*Asks:* 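This is the structure, below, for whatever I ask next.
Below, chains carry the letters A, B, ... as their sequence lines are ordered, and counting in each starts from 1. Bear in mind the structure is a predicted one, so any value in this text is a computation, not a measurement.
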Amino acid sequence: MEKSDADAPRTAASVPVVVRDQRVAGLPATAGIDPANFQESGVLLTMSAPRVRISDIARHDGQTVSIAGWLYNIRRSGKICFPLLRDGSGIIQCVAVKANLPEELFEALKDLTQESSLIVTGKVRAEARAQGGFELDVESAEIIQRVSEADPYPITPKDHGIDFLMDHRHLWLRSKRQAAILRIRHEVIKSIRDYFDNQGFTLVDTPIFTPAACEGTTTLFEVNYFDEEKLYLTQSGQLYNEANAMALGKVYCFGPTFRAEKSKTRRHLTEFWMVEPEMAYADLEDVKALAEGLVVYCVGRVLENRKAELEVLERDVKKLESVKAPFPRMSYDDAVKVLQGKGSEITWGGDFGNTDETLLTQDSDRPILVDRYPSEIKAFYFQPDAENDKLALGVDVIAPEGYGEIIGGGQRIHDPELLLRRLKEHDLPPEAFNWYMDLRKYGTVPHGGFGMGVERFVAWMCGTEHIRECIAYPRMLYRTRP
RNA sequence: UCCUCGGUAGCUCAACGGUAGAGCAUUCGGCUGUUAACCGAAGGGUUGUAGGUUCGAAUCCUACCCGGGGAGCCA
């Protein structure tokens, strides 16, 4: 039903403003205006206080400041109301007392709807009763847009189902939990980059359009490349990484990868982000050490810099604090024996299922490294074990708490004849790999690397049930929108 | 692709063969310290779609559509 509300938005161009300038309403202007504070928004605002972010609020105790944000929720009690203001960096409870404010302003605030955009100016006050320890005593406010009650913000503070939330993913990101996950994802990505950058790796990004299967078996998304040919979305940058490692020694690529697997589980996305380092003059042990170091470093950074977010997520940080080197190591052979001892039906030569991975790590407080898998279940490029050529020098890092394989990698074949033989055994057309063979022709060296799935790692850090929450806009078997 | 569970108000759910209800959200009223605030009232429904069984279907049956969980495969 339409409401005859003069303040309701009519067009996108005419932003309704209930209270634009409190000086009109007779409030005293506060000194200390710094134009630098207003450049961020690109809008000249007639504010009388420096603009701050909620994450910085502790440094402004006792000062009058402005916070630009959105109404997260509001609690009213007659002549006093408590708007919760969200600004992307945190949430702060504001206090608006009717007796201290112009009537027009108090009424506008009291009746404000969820997710309305507004800029609040007031005095920061330490307050034990408030979450976060600080409150803002409202002095003035500018309402940028009042959300219409005829079409209210759909995500209310109560429970919602996953289907509804995923349909509103673009709005769901505004909630506390989702914002915390995205900040932890950011921390993980930054720490991954710092880890490699600090050790002399060079970021060299690999193409997303690729001409053929890198690994043969895995399903690829096909793309029409003009009318010329079919290309595929990359499922790994590894083959290109090997070329880059021969050029720069130590490299990594970091970007989205695509797998057209019809997997419908809590650990699968069709589009996910992967970091893949590759090192020249490296063997399996070097790869294992690099992987272990990466995991320890990133977990440490999350613990150090994202305490507040882990708390929002109610993550048991003790489980993360125990992630220290060295990680337990075992061979595939031993892992199969351990699993059989625990009642798994796995036989030698089979790959681990998710239940196997969970069983394997259930007694460990940190990830475990499993190496030397049967060559038959691994890709064509794995270097065979010198002591048993039926085994591939591959390694997987399996995270605890049921998060499964987060890293997979190993040492690559450097011998040209062996590589050619493996291509044929895997029914791959050697002519498509001419450039890859060149790497074995011109100064071949032992080398290796791995890939780490970012969303799986973030899911583990956050303790989320499903990895779909660990990327802003997940792409899954039956979900491609928004 | 297979197995399994589900689709009822904007949202979360109840009713399980006999008059479709509750909480939240929205609207109106009350409340100066609330913490997913609370109290009172109002509006809000072609029960996923199409057939079928029945005196009578949200409820039972069939097909389809949409989604959740899992398997295989993988990071």
Side-chain angles (χ1 to χ4, degrees), chain A residues 1 3 5 72-84 91 93-101 106 110-111 113-115 127-132 135 137 147-168 172 175-177 215-219 235-238 256-276 291 350-357 377-379 396-399 403-409 450-460 465-468 470-471 476-479:
Chain A
M1 196 169 66
K3 236 184 128 267
D5 183 347
Y72 192 74
N73 196 7
I74 187 165
R75 290 180 279 268
R76 311 170 177 88
S77 183
K79 297 184 182 64
I80 186 169
C81 69
F82 304 92
L84 293 175
I91 295 172
Q93 173 162 288
C94 304
V95 184
V97 178
K98 188 172 185 176
N100 301 342
L101 294 171
F106 182 78
K110 184 170 73 80
D111 293 331
T113 44
Q114 202 186 348
E115 288 302 320
E127 170 59 69
R129 286 173 291 187
Q131 279 182 15
E135 282 184 345
D137 286 321
V147 172
S148 165
E149 58 275 288
D151 189 8
Y153 184 72
I155 303 178
T156 62
K158 287 272 183 174
D159 291 334
H160 299 283
I162 191 65
D163 188 32
F164 177 80
L165 290 171
M166 288 305 298
D167 283 345
H168 295 82
W172 189 22
S175 69
K176 254 190 250 182
R177 219 186 116 76
E215 306 188 15
T217 53
T218 315
T219 335
Q235 59 186 358
S236 164
Q238 191 210 303
T257 54
F258 307 86
R259 305 263 168 108
E261 296 157 2
K262 297 208 164 175
S263 307
K264 216 167 107 55
T265 80
R266 68 184 62 180
R267 301 178 315 284
H268 284 88
L269 299 168
T270 53
E271 174 183 320
F272 65 97
W273 282 65
M274 186 157 69
V275 58
E276 296 176 274
D351 215 343
F352 304 137
N354 185 52
T355 42
D356 291 325
E357 290 177 348
I377 57 170
K378 286 288 176 184
D396 285 353
V397 179
I398 303 170
Y403 284 94
E405 184 184 343
I406 49 171
I407 287 177
F450 61 82
M452 182 169 88
V454 170
E455 289 78 15
R456 283 194 186 173
F457 191 92
V458 173
W460 173 39
E465 275 290 302
H466 198 301
I467 65 169
R468 65 185 157 214
C470 297
I471 184 168
M476 294 176 292
L477 184 52
Y478 295 125
R479 198 172 281 282

*Asks:* Relative to the 5' end of RNA chain B, which residue comes earlier, Arg75(A) or Gly78(A), by the nucleotide with the nearest heavy atom?
*Replies:*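 That would be Gly78(A).
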*Asks:* Whole Å only: how far is the CD1 atom of Ile74(A) from the P atom of rC31(B)?
*Replies:*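 Atom CD1 in Ile74(A) sits about 16 Å away from atom P in rC31(B).
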*Asks:* Which nucleotide sits closest to the side chain of Met274(A): rG68(B), rA75(B), rC74(B)?
*Replies:*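 Between rG68(B), rA75(B), rC74(B), the one nearest the side chain of Met274(A) would be rA75(B).
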*Asks:* So for Arg456(A) and rC74(B), does any side-chain atom that can act as donor or acceptor lie under 3.5 Å from a complementary atom in the base?
*Replies:*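 When only heavy-atom distances are counted, Arg456(A) does reach the base of rC74(B) through a donor-acceptor pair under 3.5 Å.
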*Asks:* rG33(B) base stacked by Phe82(A)? Criteria: ring centres under 5.5 Å, plane angle under 30°.
*Replies:*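 The ring of Phe82(A) is not stacked on rG33(B).
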*Asks:* Would you measure the distance from the C1' atom in rA14(B) across to the matching atom in rA71(B) and give it in whole Å?
*Replies:* 33 Å
*Asks:* Mind checking Ala130(A) for me? I need base, sugar-phosphate or nothing, with any heavy atom below 4.0 Å counting as a touch.
*Replies:* nothing
*Asks:* Find the partner of rA71(B): check Watson-Crick (N1-N3 plus N6-O4 or O6-N4) and G-U wobble (N1-O2, O6-N3) distances, both under 3.5 Å, and reply none if neither fits.
*Replies:* rU1(B)
*Asks:* Mind checking the OG-NE2 spacing from Ser175(A) to His160(A)? Nearest 0.5 Å is all I need.
*Replies:*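 Reported value, rounded in 0.5 Å steps: 9.0 Å.
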*Asks:* Between the protein and nucleotides 11-15 of chain B, list every N/O to N/O distance that falls short of 3.5 Å.
*Replies:*
| from | atom 1 | to | atom 2 | distance (Å) |
| --- | --- | --- | --- | --- |
| rC11(B) | O2' | Asp159(A) | O | 3.1 |
| rC11(B) | O2' | His160(A) | ND1 | 2.5 |
| rU12(B) | OP1 | Gly161(A) | N | 2.9 |
| rU12(B) | O4' | Asp159(A) | O | 3.4 |

*Asks:* Using the P atom as the point on both nucleotides, what is the distance between rU19(B) and rU59(B), in whole Å?
*Replies:*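 The answer is 14 Å between these two P atoms.
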*Asks:* Between rA75(B) atom C1' and Lys378(A) atom NZ, what is the distance in whole Å?
*Replies:* 11 Å
*Asks:* Determine the interatomic distance between C1' on rC60(B) and the same-named atom on rC16(B); round to the nearest Å.
*Replies:* 10 Å
*Asks:* Is Ile155(A) touching bases, backbone alone, or none of the nucleic acid, heavy atoms closer than 4.0 Å?
*Replies:* nothing
*Asks:* Could you please name the partner base of rA41(B), counting Watson-Crick and G-U wobble pairs only when both distances are under 3.5 Å?
*Replies:* rU27(B)
*Asks:* Measuring only between side-chain heavy atoms, which start at C-beta, is Tyr72(A) closer than 4.5 Å to Lys176(A)?
*Replies:*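 Heavy-atom side-chain distance check passes, below 4.5 Å.
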*Asks:* With a 4.0 Å cut-off on heavy atoms, is Asn354(A) in touch with a base, just the backbone sugar-phosphate, or nothing at all?
*Replies:*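 Sugar-phosphate, backbone atoms only, no base.
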*Asks:* Are Leu84(A) and Phe82(A) close enough that some pair of their side-chain heavy atoms sits under 4.5 Å apart?
*Replies:*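 No, their side chains stay 4.5 Å or more apart.
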*Asks:* Between Gln114(A) (CD) and rA25(B) (C1'), how many Å, whole number?
*Replies:* 9 Å
*Asks:* What is the pairing partner of rC60(B), taking Watson-Crick or G-U wobble pairs with both distances under 3.5 Å in any strand?
*Replies:* rG52(B)
*Asks:* Among the candidates rG33(B), rA71(B), rA36(B), find the nucleotide nearest to the side-chain atoms of Pro157(A).
*Replies:*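 Nearest to the side-chain atoms of Pro157(A), counting from C-beta on, is rA36(B).
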*Asks:* Could you measure between the two P atoms, the one in rU49(B) and the one in rA57(B), and give it in whole Å?
*Replies:* 15 Å
*Asks:* Are side-chain heavy atoms of Met274(A) and Met452(A) found at a separation under 4.5 Å?
*Replies:*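 Met274(A) vs Met452(A): side chains apart.
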*Asks:* Whole-Å distance between rC74(B) C1' and Ile406(A) CD1?
*Replies:* 14 Å
*Asks:* When rounded to the nearest Å, what value does the distance between P atoms of rA50(B) and rC38(B) take?
*Replies:*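 My reading of the P atoms in rA50(B) and rC38(B) gives 39 Å.
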*Asks:* Look through every strand shown and name the nucleotide pairing with rA22(B) as Watson-Crick or G-U wobble, where both distances are under 3.5 Å.
*Replies:*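 Pairing partner, where one exists within any strand: rU12(B).
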*Asks:* Check the distance between rC74(B)'s P and Glu455(A)'s CD and give it to me in whole angstrom.
*Replies:*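 Value for this atom pair: 19 Å.
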*Asks:* Picking from rA75(B), rG33(B), rU32(B), which would you name as closest to the side chain of Lys79(A)?
*Replies:* rU32(B)
*Asks:* Pick the C1' atom in rA42(B) and in rU54(B), then give their distance to the nearest Å.
*Replies:*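 It comes out at 38 Å once rounded to the nearest Å.
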*Asks:* Can you sort out the partners of Ala399(A) under side-chain contact (heavy atoms from CB on, under 4.5 Å), two or more places apart, ordered by chain and number?
*Replies:*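 Ala399(A): side-chain contact (heavy atoms from CB on, under 4.5 Å) contacts with Tyr403(A), Ile406(A), Trp460(A).
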*Asks:* Could you list the protein-to-nucleotides 1-6 of chain B atom pairs, N/O on both sides, closer than 3.5 Å?
*Replies:*
| from | atom 1 | to | atom 2 | distance (Å) |
| --- | --- | --- | --- | --- |
| rU1(B) | O4 | Lys262(A) | O | 3.0 |

*Asks:* Flag the pair Cys81(A) / Ile74(A) as yes when at least one side-chain heavy-atom distance between them is below 4.5 Å, and no otherwise.
*Replies:* yes
*Asks:* For Arg479(A) and Asp163(A), run salt bridge (Lys or Arg N to Asp or Glu O under 4.0 Å): C-alpha distance rounded to whole Å, both residues' side-chain angles, the deciding distance at 0.1 Å, then the answer.
*Replies:* CA-CA 10 Å; Arg479(A) 198 172 281 282; Asp163(A) 188 32; 2.6 Å; yes
*Asks:* Under 4.0 Å between any heavy atoms, over every strand shown, what does Arg76(A) touch: base, sugar-phosphate, or nothing? Just pick one.
*Replies:*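 Base contact - Arg76(A) has a heavy atom under 4.0 Å of at least one base atom.
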*Asks:* Just how far, in rounded Å, is C1' of rA36(B) from CD1 of Ile91(A)?
*Replies:* 12 Å
*Asks:* Are Lys378(A) and Asp396(A) close enough for a salt bridge, meaning some N to O gap below 4.0 Å?
*Replies:* yes
*Asks:* Which nucleotide, rA71(B), rA75(B), rG69(B), lies nearest any side-chain atom of His466(A)?
*Replies:* rG69(B)
*Asks:* Kindly indicate whether the side chain of Leu269(A), heavy atoms from C-beta on, has any atom under 4.5 Å from the side chain of Ile471(A).
*Replies:*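 Of all side-chain heavy-atom pairs linking Ile471(A) with Leu269(A), at least one is under 4.5 Å.
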*Asks:* Would you mind telling me which of rC73(B), rA71(B), rG33(B) lies closest to the side-chain atoms of Glu261(A)?
*Replies:* rC73(B)
*Asks:* Hey, which sits more toward the 5' end of RNA chain B by its nearest nucleotide, Lys98(A) or Thr265(A)?
*Replies:* Lys98(A)
*Asks:* The test is side-chain hydrogen bond (donor to acceptor under 3.5 Å, both in side chains); show your working for Arg75(A) and Gln93(A) and say whether it passes.
*Replies:* CA-CA 10 Å; Arg75(A) 290 180 279 268; Gln93(A) 173 162 288; 3.1 Å; yes
*Asks:* Have a look at Gln93(A) and say if it touches a base, only the backbone sugar-phosphate, or nothing, with a 4.0 Å heavy-atom cut-off.
*Replies:*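 Base, at least one base heavy atom under 4.0 Å.
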*Asks:* Select base, sugar-phosphate, or nothing to describe what Asp396(A) touches, counting heavy atoms under 4.0 Å on all strands.
*Replies:* nothing
*Asks:* Tell me whether Gln114(A) contacts the main-chain N or O of Ile155(A) through its side chain, where contact means a donor paired with an acceptor under 3.5 Å.
*Replies:* yes
*Asks:* Should Arg468(A) be listed as having a side-chain N or O under 4.0 Å from OP1 or OP2 of rG69(B)?
*Replies:*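 Answer yes for this pair, as a side-chain N or O of Arg468(A) is under 4.0 Å from OP1 or OP2.
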*Asks:* Measure CZ/Arg267(A) against C1'/rG72(B) and give the value in whole Å, please.
*Replies:*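 So the CZ-C1' distance, Arg267(A) to rG72(B), works out to 11 Å.
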*Asks:* Could you check which nucleotide pairs with rU46(B) in any of the strands shown, counting Watson-Crick or G-U wobble with both distances under 3.5 Å?
*Replies:* none
*Asks:* Quote, to the nearest angstrom, the C1' distance that separates rC66(B) from rC55(B).
*Replies:*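 Roughly 34 Å separates the two C1' atoms.
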*Asks:* Output the rounded distance in Å from CD (Glu465(A)) to P (rG68(B)).
*Replies:* 15 Å
*Asks:* Distance check, C1' atoms only: rC13(B) and rG29(B), in whole angstrom units.
*Replies:* 28 Å
*Asks:* Does the side chain of Met476(A) come within less than 4.5 Å of His268(A)'s, by heavy atoms?
*Replies:*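 No - every pair of side-chain heavy atoms lies 4.5 Å or more apart.
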*Asks:* Are any of the side-chain heavy atoms of Phe272(A) and Arg259(A) separated by less than 4.5 Å?
*Replies:* yes
